[in-house]
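Keep in mind that this is a model prediction, so the values were computed, not measured. In what follows, chains carry the letters A, B, and so on, assigned in the order in which the sequence lines appear, proteins first and then strands, with residues in each chain numbered from 1.
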Amino acid sequence: MPKRFTVTAALPYTNGPIHIGHLAGVYIPADIYSRYLRLQNKDVAFICGSDEHGVAIALKAKKEGKTPQQIIDQYDQLIRESFESFGIAFDHYSRTSRKIHHQTAQEFFKILYDKGVFEEKDSEQLYDPEAEQFLADRFVTGTCPICQNPEAYGDQCESCGSSLSATELIHPKSTLSGAQPELKKTRHWYLPLNQYEDFIKEWILEGHQHDWKPNVYGQVKSWVSNGLQSRAVTRDLDWGITVPVKNAEGKVLYVWFDAPIGYISSTKEWAEKNGKEWESYWTDKETQLVHFIGKDNIVFHCIIFPVMLKASDRFILPENVPANEFLNLEGQKISTSKNWAVWLHEYLKEFPDQQDVLRYVLTANAPETKDNDFTWEEFQARNNNELVAIFGNFINRVMVLTHKYYDGYVPEPGTLEQEDLDALETMAKLPAKIGQTIENYRFREASQQLMGLARLGNKYLADAEPWKLIKTDPERVKTIMHTALQISSALAILAEPLLPFSSTKLKNMLNLDSKNTSWAAVETQKALLEPKHLLGKTALLFKQIEDDQMDAQRKKLTAAALENNIEEKLFAPVKPTTSFKDFDALDLRVAEIIQAKKVRKTKKLMELTVLMGDEERTVVSGIATNFEEAELVGKKVTLLANLKPRSLKGIESQGMVLLGENQGGHLVFVGPEDQTTVSGTPIK
RNA sequence: CGCGAGGUAGAGCAGUGGUAGCUCGUCGGGCUCAUAACCCGAAGGUCGCAGGUUCGAGUCCUGCCCUCGCUACCA
């Protein structure tokens, strides 16, 4: 076992609140892991903080007419408070906007800079002459060169799905000022990942083939086999950490360069406050570093950050990066922008004192091996059928019986029979089993093992039937209740990492001596509760969740998403005046769809065969997410007939079907009102 | 033929060559200490599809299909 542990959880980005996806993917598993280690009396630093730089925050601030500082202050506070009341027990939660982080990140950059690690390269990038700044690809919109969508982004066209480069756009426009961007030379520092391919291969592909999760390992393998590229670690932006070298005015560290360093600066801050030495947590070989992240972060935590650490020649590398997959919500992807999410701060208000329910549901259904779905139906079922019916009910039975028979005092046991011994033995083996599971990052399984103990308790009571024996053999009942109380105590202790609030509640109910609450106590102590020990008052550990609560949640979800949709999109402004000649150049015709087939291996493309007069044409159109094959056949549509043919996915598209797009992103055909219009009819 | 992960009972998952398992749900029975909770039993799967290797395949190989990610918001 390593001497100490540095556990990090992905730094939340302060442009929105925390939702259940973040919790299930990162914060709950990280918290379980750290709590478990602390119960083992390990030296643990559980580190996190707000990630507050980057383009997205700058953009959001501009949109809302605020300063970036206002945005990050607002969300940092919200996130900080909701983590706190949800019981994510960070040892330290910092912010990347703090001085200590700016210093640490700059030092880090300097170390690599002085070692000559970086490549310096000039490149031409789009520049907004009005806003006087360089534009990230996302800040540029224009007409897609492939599908002619006038609102394609600089990095991707959402209409046809093609990935683009901002310089390819026709009529590019800066989203900051509306000005037409120009190309301008700029100099940046690049991290030459390609020089570290062998390092990554040896370290991960050979060294961690069996102990890292397949999804993480596979992802890394995929990146490496595609060949690693140099990556710019600086940006032209006015929001971030200034690049600490000469000739770098107006440049900041790329947010992905500075963010992981936030783990280090947060550790420093924590160490300073607690009179500790931070270095050992990041440089000592006997420290085990573990990063908890979501799958989108794999490349940064398995390749880029490790390369930075390695290049510094100073820091240790992560022992494991147990990244989770994604959680969906009621069958759809969680989306901040579409407001399709369960927000933590709202949950905490609407389900007061029920943090553990969400913790349990998100753990039991965690996306450990593949994407999973969160539904309110399951939330309710797991609460009512598992937490209430199995765990809570067992405790309640034991408490009620003990108070009834012995006025709340733990009875003196007689001779233990085989069934008692069996139950106690199973119980004593559980800490090691759960521990093993947690150490292997299998939190889902750990939650089931814990529930297994409560299940065992119920069965033990059902088999022993103390409520019957109390009339015939009261001495035997004492032994039974004593045993059941030991199981209850074990539950209180072992529940701590997974259900910390309930664990505390239960310990208080049992009046459990804090000296007896370590992980090891369950395996070694004969009696966690001694005879004549007085229990506290009985209270319900969990409560039933009713149907109407769930209905309300579901309604809220759809309502919020709908409202968001209406507010979100405004129609694009009218384009510049054109001439009749230009319009006349377009040959629009009525055409009839006679066949429709989804293009294989694409999301949006549909291969249409249309009839224009007696001419048959093939048209590839990005409408597959909106329409089924069957409903298209027989439809009369408007076809732009003289558009230059273009090959999409190997199919030549001979024209373009005209569609209107409404606010919700739904497509509607623009065709002749009279569906009997003869196909081939020209439109003027 | 871009790469990676996943596709096992109604739902969520385990199972890397030797008679298909766990939890929840469903159905039937029992019990009454307990938040109509608990306990027992049963039904329910041609392990995405098609081939192949093997005495034997969910498990190995080949091809294909579906979902998700790698690609905005985002874990």
What is the base-pairing partner of [N], counting Watson-Crick and G-U wobble geometry with both distances under 3.5 Å?
N: B:rG4; value: B:rC68
N: B:rG58; value: none
N: B:rG10; value: B:rC24
N: B:rG44; value: none

request  = Assign a letter to each nucleotide of nucleotides 9-16 of chain B from its 5' end: B, base within under 4.0 Å of a protein heavy atom; S, sugar-phosphate only; -, no contact.
outcome  = ---SSSS-

Any side-chain donor-acceptor pair under 3.5 Å between [X] and [Y]?
X: A:Asn383; Y: A:Tyr360; value: no
X: A:Glu325; Y: A:Asn215; value: yes
X: A:Arg382; Y: A:Asn365; value: no

Pairs: protein N or O with nucleotides 28-34 of chain B N or O, under 3.5 Å:
residue, atom, partner, partner atom, Å
B:rC33, O2, A:Arg397, NE, 3.0
B:rC33, N3, A:Arg397, NE, 3.1
B:rC33, N3, A:Arg397, NH2, 2.5
B:rC33, N4, A:Arg397, NH2, 2.8
B:rA34, O3', A:Asn396, OD1, 3.0
B:rA34, O2', A:Asn393, OD1, 2.5
B:rA34, O2', A:Asn396, OD1, 3.2
B:rA34, N3, A:Asn393, ND2, 3.2
B:rA34, N3, A:Arg397, NE, 3.0

Write down the distance separating the [atom1] atoms in [N] and [M], rounded off to the nearest Å.
N: B:rC74; M: B:rA20; atom1: C1'; answer: 39 Å
N: B:rG28; M: B:rG44; atom1: C1'; answer: 15 Å
N: B:rU59; M: B:rC49; atom1: P; answer: 11 Å
N: B:rU16; M: B:rU8; atom1: C1'; answer: 14 Å
N: B:rG58; M: B:rG21; atom1: C1'; answer: 12 Å
N: B:rU23; M: B:rU32; atom1: P; answer: 25 Å
N: B:rC61; M: B:rG4; atom1: P; answer: 13 Å
N: B:rC1; M: B:rG63; atom1: P; answer: 13 Å

inquiry  = Determine whether A:Trp256 and A:Phe300 satisfy the following criterion, ring-ring contact (aromatic ring centres under 6.0 Å, His included), listing intermediate values before the conclusion.
reply    = CA-CA 7 Å; A:Trp256 270 112; A:Phe300 293 103; 3.9 Å; yes

Heavy atoms under 4.0 Å, any strand shown: does [X] hit a base, just sugar-phosphate, or nothing?
X: A:Ile334; result: base
X: A:Tyr13; result: sugar-phosphate
X: A:Pro466; result: nothing
X: A:Ala389; result: sugar-phosphate
X: A:Ile470; result: nothing
X: A:Gln544; result: base

inquiry  = Contact list please: residues 16-30 of chain A against RNA chain B, heavy atoms, distance less than 4.0 Å, in numerical order.
reply    = A:His19, A:Gly21, A:His22

task = Identify, residue by residue, the members of residues 294-303 of chain A with a heavy atom below 4.0 Å from RNA chain B, and return them in order of residue number, or none.
result = A:Gly294, A:Lys295, A:Asp296, A:Asn297

task = Report yes or no: is the cationic atom of A:Lys478 (NZ for Lys, CZ for Arg) under 6.0 Å from the centre of the six-membered ring of A:Tyr406, at an angle within 45° of the ring normal?
result = no

Would you mind writing out the side-chain donor-acceptor pairs for residues 15-32 of chain A within the sub-3.5 Å range, not counting sequence neighbours?
residue, atom, partner, partner atom, Å
A:His19, ND1, A:Gly21, N, 3.0
A:His22, ND1, A:His19, N, 2.9
A:Tyr27, OH, A:Ala10, O, 2.5
A:Asp31, OD1, A:Ala89, N, 2.8
A:Asp31, OD2, A:Arg35, NE, 2.8
A:Asp31, OD2, A:Arg359, NH1, 2.9
A:Asp31, OD2, A:Arg359, NH2, 2.7

request  = Could you tell me whether the side chain of A:Tyr405 reaches within less than 4.5 Å of the side chain of A:Pro411, counting heavy atoms only?
outcome  = no

ask   = Mind checking whether A:Trp376 and A:Phe351 have ring centres under 6.0 Å apart?
value = yes

inquiry  = Going by the rule salt bridge (charged side-chain N to carboxylate O under 4.0 Å, His left out), which residues pair with A:Arg80 if we only count those two or more places apart in sequence or in a different chain?
reply    = A:Asp76

